[in-house]
Amino acid sequence: DTGVSQNPRHKITKRGQNVTFRCDPISEHNRLYWYRQTLGQGPEFLTYFQNEAQLEKSRLLSDRFSAERPKGSFSTLEIQRTEQGDSAMYLCASSEDSGRAHGELFFGEGSRLTVL
Amino acid sequence: AQRVTQPEKLLSVFKGAPVELKCNYSYSGSPELFWYVQYSRQRLQLLLRHISRESIKGFTADLNKGETSFHLKKPFAQEEDSAMYYCALSRQGAQKLVFGQGTRLTINP
């Protein structure tokens, strides 16, 4: 297992187009997270899955954003009608189930989105 | 709402000197606190967490609830410590991590 895998690594799109990012977590991890990071800032939480259930979702995630984890394995993050403000690094992370405690996050290398 | 503040965006020290990266938080409950690190061309990774009370790569961090701080310290900096460091907080039972803006640490030879 090479860790959390994200693709594409880079995506350049025009304003108004839709984009989709994929995340493959570490195989035995049932928790999966999406974060967004803009230049000079720390990662911002977007959403969290326990297996296939989306249990937490940030208010940052407008109705143009949707995330799925259909079989509790890989996840997709789709952004519809992209805006220039969506330009950021989208980070995926996974962790083991550690009960109520927050487990160690294992991050992917990220998918960088540039909206022209 | 929870907030994490790292007052220094940049910190530069000489090799062998002590290092302290500051982290202050605002949260009225009992937080879980973490330090994550990103070395050049590597992924973001966990450095340490307050509940473990361990020293990793010579770094320690003590949770001070009175001062709402979780500063990261190392007595003798090494060149390989140069990296971006993020302090992060979660509420107990929640899976959302709130990150600070990060501090870029540079260790000069």
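Proteins get letters first, then strands, A, B, ... in listed order; numbering begins at 1 in each.
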Quiz item: Are W34(A) and V115(A) in one and the same hydrophobic cluster, where Ile, Leu, Val, Met, Phe, Trp and Tyr link if side-chain heavy atoms are under 4.5 Å apart?
Solution: yes
Quiz item: Can F107(A) and Q42(B) be said to form a side chain to side chain contact (heavy atoms under 4.5 Å, CB included), step by step?
Solution: CA-CA 10 Å; F107(A) 281 89; Q42(B) 293 189 30; over 6 Å; no
Practice problem: Counting only heavy atoms closer than 4.5 Å, note whether F106(A) contacts chain B via side chain, backbone, both or neither. | Solution: neither
Exercise. Would you kindly confirm whether L113(A) and F65(A) end up in one hydrophobic cluster when ILVMFWY residues are joined by side chain heavy atoms under 4.5 Å apart?
Key: yes
Self-check item: Rounded distance (nearest 0.5 Å) linking atom CD of E104(A) with atom CG of L48(B)
Solution: 11.0 Å
Quiz item: Would you say Y86(B) and Q37(A) make side-chain contact, with heavy atoms under 4.5 Å?
Solution: yes
Quiz item: Looking at NZ of K96(B) and CG of L55(A), how far apart are the two atoms once the value is rounded to the nearest 0.5 Å?
Solution: 15.0 Å
Practice problem: May I ask whether L77(A) and L91(A) are part of the same hydrophobic cluster, defined by side-chain heavy atoms of I, L, V, M, F, W, Y residues being less than 4.5 angstrom apart, directly or through others? | Solution: no
Quiz item: Side chain, backbone, both or neither: which part of A88(B) has a non-hydrogen atom closer than 4.5 Å to chain A?
Solution: neither
Quiz item: In this structure, are over 12 heavy atoms from other groups packed under 6.0 Å from E52(A) atom CD?
Solution: yes
Quiz item: Heavy-atom distance under 4.5 Å to chain B: side chain of E56(A), backbone, both or neither?
Solution: side chain
Quiz item: Counting only heavy atoms not in E79(B), do more than 12 sit closer than 6.0 Å to its CD atom?
Solution: yes
Exercise. State yes or no: do V4(B) and L11(B) share one hydrophobic cluster built from I, L, V, M, F, W and Y residues joined by side-chain heavy-atom distances below 4.5 Å, directly or via other members?
Key: yes
Quiz item: So which of R49(B), Q95(B), R43(B) has the biggest tally of heavy-atom pairs under 4.5 Å with chain A?
Solution: Q95(B)
Quiz item: Any chance CG of L116(A) has more than 12 other-residue heavy atoms, nucleotides or ligands included, within less than 6.0 Å?
Solution: yes
Self-check item: Worked check of side chain to side chain contact (heavy atoms under 4.5 Å, CB included) between Y35(A) and L97(B)
Solution: CA-CA 9 Å; Y35(A) 283 81; L97(B) 264 188; 3.1 Å; yes
Quiz prompt | Most chain B-contacting option - heavy-atom pairs closer than 4.5 Å, from S58(A), G108(A), A93(A) | solution = G108(A)
Quiz item: Any chain of hydrophobic side-chain contacts (each under 4.5 Å) joining F99(B) to Y33(A)?
Solution: yes
Quiz item: Can you check side chain to side chain contact (heavy atoms under 4.5 Å, CB included) on Y36(B) and L105(A), steps first, answer last?
Solution: CA-CA 9 Å; Y36(B) 276 81; L105(A) 294 186; 3.3 Å; yes
